[in-house]
Amino acid sequence: MIKRFDGREYNELRKIKTKLNVVDNARGSAIFSFGDTVALAAVYGPKPSKMSLDYEKAFLRVRYNMLTFSTPERKKPTPGRREIELSEVIKRALESTLLLEEIPGSIVDVYVEILNADAGTRTASINAASLALSLAGIPMKDLIVGLAVGKIGEKIVVDLNKEEEDYDSEKLKKDPEKSKYIEYYGEGRATDIPVAIIPSEKKFTLIQLDGEISNKELNDSLNLALEKSLEIKEIMKKTILNTYKTSTL
Ligand code: ADP
């Protein structure tokens, strides 16, 4: 039976890989990947802030960057509008789970580098940063989890890759090798919904939507995201616990 382009079921995540403490001079660092999308996050601080405004709570700074060789076509090295916007999006998603008031008067810096991009880089960045912040000992309510859900043609799926994000049934009709996938996805284009979730509270701290979707489909997509966020959190939790176990041996 025909399945998604890469053979997954509608509710199946790409293969998740994690690697912790990968940057020696960072307080906490982690690599998180969804299939071919690989994000590296490094956390520096907390260090004292020189700005008197920051005495109520710590100030979080996030810089998201996509490496020039992370995409099939070389990306421009200078940070563009997209990178500036994504830095802000990731910062807002993370802020809602951090207890920054517990470390007032300080600055926490999070640097995210996309080593390889195949869609879902902002959500992989959130997960890498979540792991790195936790390893750095920054107080937080819960690990925050990022993932994308969406509608491709007429089908609700989780964790879209680039080929799915670019889906267009009209274009596929002209491609003899790929036209069979219309049977699975249906007619239309793709709607991508990246989200961030605090799993213990079932709370969304980020919902973005690029495309068109009905209320019912949006509801179904968000429910699927909630369900899958628990699976991702378990993997993240296990990775952290394993590191502590091996480091105390
Ligand atoms: P996200 O990576 O969070 O899904 P976008 O929707 O902006 O964010 O990007 C989707 C995908 O498009 C990226 O993961 C990457 O594979 C590709 N992409 C984005 N920007 C560029 C770029 N400047 N050059 C090449 N590919 C890009």
Side-chain angles (χ1 to χ4, degrees), residues 4-6 8 10-18 30-41 62-96 110-132 144-153 155-168 171-172 178 185 188-197 204-213 218 221-222 224-225 228-229 232 236:
R4 293 166 72 176
F5 287 130
D6 57 7
R8 281 183 290 157
Y10 81 95
N11 62 352
E12 200 178 333
L13 298 163
R14 285 177 282 180
K15 192 170 172 52
I16 291 177
K17 281 197 201 150
T18 52
I31 289 178
F32 184 98
S33 45
F34 280 129
D36 290 335
T37 291
V38 186
L40 160 71
V62 176
R63 200 205 63 185
Y64 162 101
N65 182 50
M66 227 161 70
L67 295 182
T68 43
F69 53 80
S70 64
T71 50
E73 271 175 49
R74 187 179 175 276
K75 192 205 136 270
K76 274 199 205 136
T78 43
R81 249 187 48 198
R82 177 179 172 274
E83 274 145 327
I84 294 165
E85 186 194 319
L86 286 193
S87 300
E88 187 59 30
V89 163
I90 295 165
K91 175 176 128 107
R92 288 203 200 160
L94 294 171
E95 253 172 356
S96 50
V110 181
Y111 292 93
V112 180
E113 296 289 343
I114 301 303
L115 308 183
N116 204 59
D118 183 31
T121 63
R122 81 195 66 192
T123 50
S125 301
I126 288 169
N127 297 338
S130 183
L131 288 167
I144 187 157
V145 173
L147 76 157
V149 280
K151 186 173 87 159
I152 304 175
K155 191 107 183 160
I156 304 294
V157 300
V158 71
D159 191 20
L160 292 68
N161 66 15
K162 182 84 171 101
E163 190 174 17
E164 291 183 325
E165 263 197 29
D166 294 340
Y167 184 84
D168 180 347
K171 278 195 193 145
L172 245 56
K178 300 267 172 166
Y185 293 111
R189 302 178 72 146
T191 298
D192 182 31
I193 314 170
V195 303
I197 297 174
F204 286 83
T205 67
L206 166 76
I207 301 180
Q208 292 186 293
L209 203 149
D210 182 11
E212 284 178 19
I213 198 157
L218 179 60
S221 308
L222 297 182
L224 178 60
K228 300 309 280 188
S229 71
I232 299 173
M236 288 165 65

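Ligands are counted one by one from 1 in listed order, and the atoms in each one are counted from 1 as well. Here, residue 1 is the first one in the sequence, and each next residue gets the next number.
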Next item on the list: Begin from the C-alpha positions of Phe5 and Tyr185 and carry the test ring pair (Phe, Tyr, Trp, His ring centres under 6.0 Å) through to its verdict.
Entry: CA-CA 10 Å; Phe5 287 130; Tyr185 293 111; 5.0 Å; yes

Item checked: Part of Thr121 with heavy atoms under 4.0 Å of ligand 1, whether side chain, backbone, both or neither -> both

Check: Quick check: does any side chain N or O of Thr121 sit under 3.5 Å from a backbone N or O of Ala117, one acting as donor and the other as acceptor?
Finding: no

Check: Out of Lys162, Glu165, Arg82, whose heavy atom is nearest to atom 17 (C) of ligand 1?
Finding: Lys162

Item checked: Residue, atom name and distance, where the atom is the protein heavy atom closest to atom 21 (C) of ligand 1 -> Met66 CE, 3.6 Å

Note to self: With heavy-atom distances below 4.0 Å as the criterion, list the atoms of ligand 1 near Thr71.
What the structure shows: 25 (C), 26 (N), 27 (C)

Note to self: Can you tell me which portion of Asp118 lies within the under-4.0 Å heavy-atom range of ligand 1? Options are side chain, backbone, both, or neither.
What the structure shows: backbone

Next item on the list: Take Glu164 and Lys155 through the salt bridge (Lys or Arg N to Asp or Glu O under 4.0 Å) test and state the conclusion after the steps.
Entry: CA-CA 11 Å; Glu164 291 183 325; Lys155 191 107 183 160; over 6 Å; no

Next item on the list: If you have a sec, work out which protein heavy atom is nearest atom 15 (C) of ligand 1 and how many Å separate them, to one decimal?
Entry: Ala117 CB, 3.7 Å

Check: Can an N or O of Gly120 be found at a distance shorter than 3.5 Å from an N or O of ligand 1?
Finding: yes

Notebook entry, point to check: Judged by atom type as modelled, is there a donor-acceptor pair below 3.5 Å linking the side chain of Thr37 to the main-chain atoms of Ser33?
Noted result: no

Check: Do side-chain atoms of Asn116 reach the backbone of Asp36 as a donor and acceptor pair under 3.5 angstrom?
Finding: yes

Next item on the list: Answer yes or no: is there a donor N or O on one side and an acceptor on the other, between the side chain of Arg14 and the main chain of Asp6, under 3.5 Å?
Entry: no

Next item on the list: Do me a favour and list the nearest non-hydrogen protein atom to atom 23 (N) of ligand 1 with residue, atom name and distance?
Entry: Lys75 CG, 3.5 Å

Check: Taking the side chain from Lys228 and the backbone from Asn11, do they hold a donor-acceptor pair closer than 3.5 Å?
Finding: yes

Notebook entry, point to check: Just which atoms of ligand 1 are under 4.0 Å from any heavy atom in Arg122?
Noted result: 1 (P), 3 (O), 5 (P), 6 (O), 7 (O), 8 (O)

Item checked: Closest to atom 16 (O) of ligand 1 among Ala39, Pro194, Ala119 (heavy-atom distance) -> Ala119

